[in-house]
Amino acid sequence: MTKVAVIYYSATGHGSSMARRVAAAAEAAGAEVRVRPVAETQTPESFAHNPAWTANYQATKDLPAATGDDIVWADAVIFGSPTRFGSVASQLRAFLDSLGGLWSQGQLADKVYAGFTSTNTPHGGQETTLLTLYVTLMHWGGIIVAPGYTDPLKFVDGNPYGASLLANHDNIDEFDETTYNALDHLARRVVHVADRLGS
């Protein structure tokens, strides 16, 4: 059974919702799945003015946080992060940067990797966030499995690099069937390719 780790950072909860959807789709495709949030690096006081950020923090703070062992365990890893000025959030970046020891031992190589993201505005850095994430994963020797245009649904969501969500200022999940389909397809494709590599 292919093992998939869904490792994500979420501030206001959109990423948490996306991670749950990806995990469910990977499980439905036959994978064993771990869902691990990246630990928050900001103090709760620093985002107390944002009710959605506070609510997501309270909902996830006691979950097992992502560690390098989750990547070593996995055959495939799907990373998630909101966009921060065209790249991943600093919390995920700090986690990735902490993995140099595992990288130097070759323990991050030869695994399937993919990603998902969200932005507040159209064209708000979704593509650059995924592409810059993949640069790190290429340094690891990872096998990038982007969805491409491998299914007609990808011509609807228009993102061949991963899956993405447009999240509004009111912190209301803007999920529609297009987004759900893109997340499901991403997870299924990752599991399918990892299954083929493992056989």
Side-chain angles (χ1 to χ4, degrees), residues 1-10 15 18-19 21-23 25-27 29-39 41 64-119 125-151 154 157 159-164 182-199:
M1 179 181 285
T2 292
K3 295 178 288 189
V4 176
V6 180
I7 296 176
Y8 71 97
Y9 172 72
S10 180
M18 295 176 84
R21 183 73 184 208
V22 166
E27 287 179 344
E32 179 182 355
V33 180
R34 285 185 188 177
V35 180
R36 297 289 189 263
V38 169
T41 59
T67 70
D69 290 341
D70 296 309
I71 301 175
V72 172
W73 168 85
D75 303 303
V77 182
I78 303 174
F79 285 109
S81 173
T83 291
R84 293 292 183 266
F85 305 111
S87 190
V88 299
S90 63
Q91 291 85 346
L92 181 60
R93 184 72 252 168
F95 173 74
L96 297 173
D97 289 347
S98 75
L99 301 172
L102 293 175
W103 166 79
S104 68
Q105 298 165 21
Q107 294 192 63
L108 308 179
D110 303 327
K111 297 175 184 290
V112 168
Y113 292 99
F116 61 86
T117 190
S118 62
T119 57
Q126 294 176 349
E127 294 179 357
T128 57
T129 295
L130 293 168
L131 292 172
T132 55
L133 169 65
Y134 293 163
V135 169
T136 296
L137 306 180
M138 286 186 281
H139 277 250
W140 291 358
I143 302 163
I144 308 301
V145 177
Y149 291 103
T150 56
D151 187 281
K154 293 306 295 178
D157 91 308
N159 183 347
Y161 308 102
S164 52
L183 291 165
D184 293 348
H185 179 66
L186 178 70
R188 286 193 303 266
R189 182 162 162 76
V190 164
V191 172
H192 175 68
V193 173
D195 283 347
R196 291 180 65 186
L197 289 172
S199 60

Identify the heavy atoms of His185 and Thr150 that sit nearest to each other, and give their distance.
NE2-OG1, 2.8 Å
For the residue pair Val35 and Tyr8, establish whether any side-chain heavy-atom pair is separated by less than 4.5 Å.
yes
Measuring only between side-chain heavy atoms, which start at C-beta, is Ile71 closer than 4.5 Å to Trp103?
no
Of the non-hydrogen atoms in Pro37 and Pro64, which two are nearest, and what is the gap between them?
CD-O, 3.3 Å
Hey, does Arg34 have a side-chain heavy atom less than 4.5 Å from the side chain of Trp73?
yes
OG1-CD distance between Thr2 and Glu32, expressed to the nearest 0.5 angstrom:
10.0 Å
What residue among Thr117, Thr83, Thr129 forms side-chain contact (heavy atoms from CB on, under 4.5 Å) with Ser164?
Thr117
From His192 NE2 over to Leu197 CG, what is the distance, rounded to the nearest 0.5 angstrom?
9.5 Å
Does Asp70 reach the side chain of Thr67, with side-chain heavy atoms less than 4.5 Å apart?
yes
Across all chains, not counting sequence neighbours, the side chain to side chain contact (heavy atoms under 4.5 Å, CB included) partners of Asp184 are Arg21, Ala25, Arg188
Without placing hydrogens or testing angles, list every side-chain donor-acceptor pair under 3.5 Å for residues 133-142, not counting sequence neighbours.
unit_1 : atom_1 : unit_2 : atom_2 : d
Tyr134 : OH     : Gly115 : N      : 3.1
Tyr134 : OH     : Tyr161 : O      : 2.6
Thr136 : OG1    : Arg93  : NH1    : 3.0
Thr136 : OG1    : Arg93  : NH2    : 3.2

Just by modelled atom types, is the Asn159 backbone N or O under 3.5 Å from a matching donor or acceptor in the Lys154 side chain?
yes
Qualifying residue for side chain to side chain donor-acceptor pair (under 3.5 Å) with Thr119, from Arg84, Glu127, Gln126:
Gln126
Closest approach of Val191 and Ala29, non-hydrogen atoms and distance?
CG1-O, 3.8 Å
Any chance you could measure Glu27, atom CD, to Met1, atom CE, to the nearest 0.5 Å?
9.5 Å
Check whether any side-chain heavy atom of Tyr9 sits under 4.5 Å from a side-chain heavy atom of Val88, and report yes or no.
no
Only counting residues at least two apart or in another chain, list the ones meeting ring-ring contact (aromatic ring centres under 6.0 Å, His included) with Phe79.
none
Check Val190 against Ala114 and note the closest heavy-atom contact, atom names and distance.
CG2-CB, 3.6 Å
I need the Leu92 CG to Ser10 OG distance, nearest 0.5 Å.
11.5 Å
Heavy-atom closest pair, residues Ala187 and Ala26
CB-N, 3.7 Å
Which heavy-atom pair separates Gly68 from Leu102 by the least distance, and what is that distance?
CA-CD1, 3.5 Å
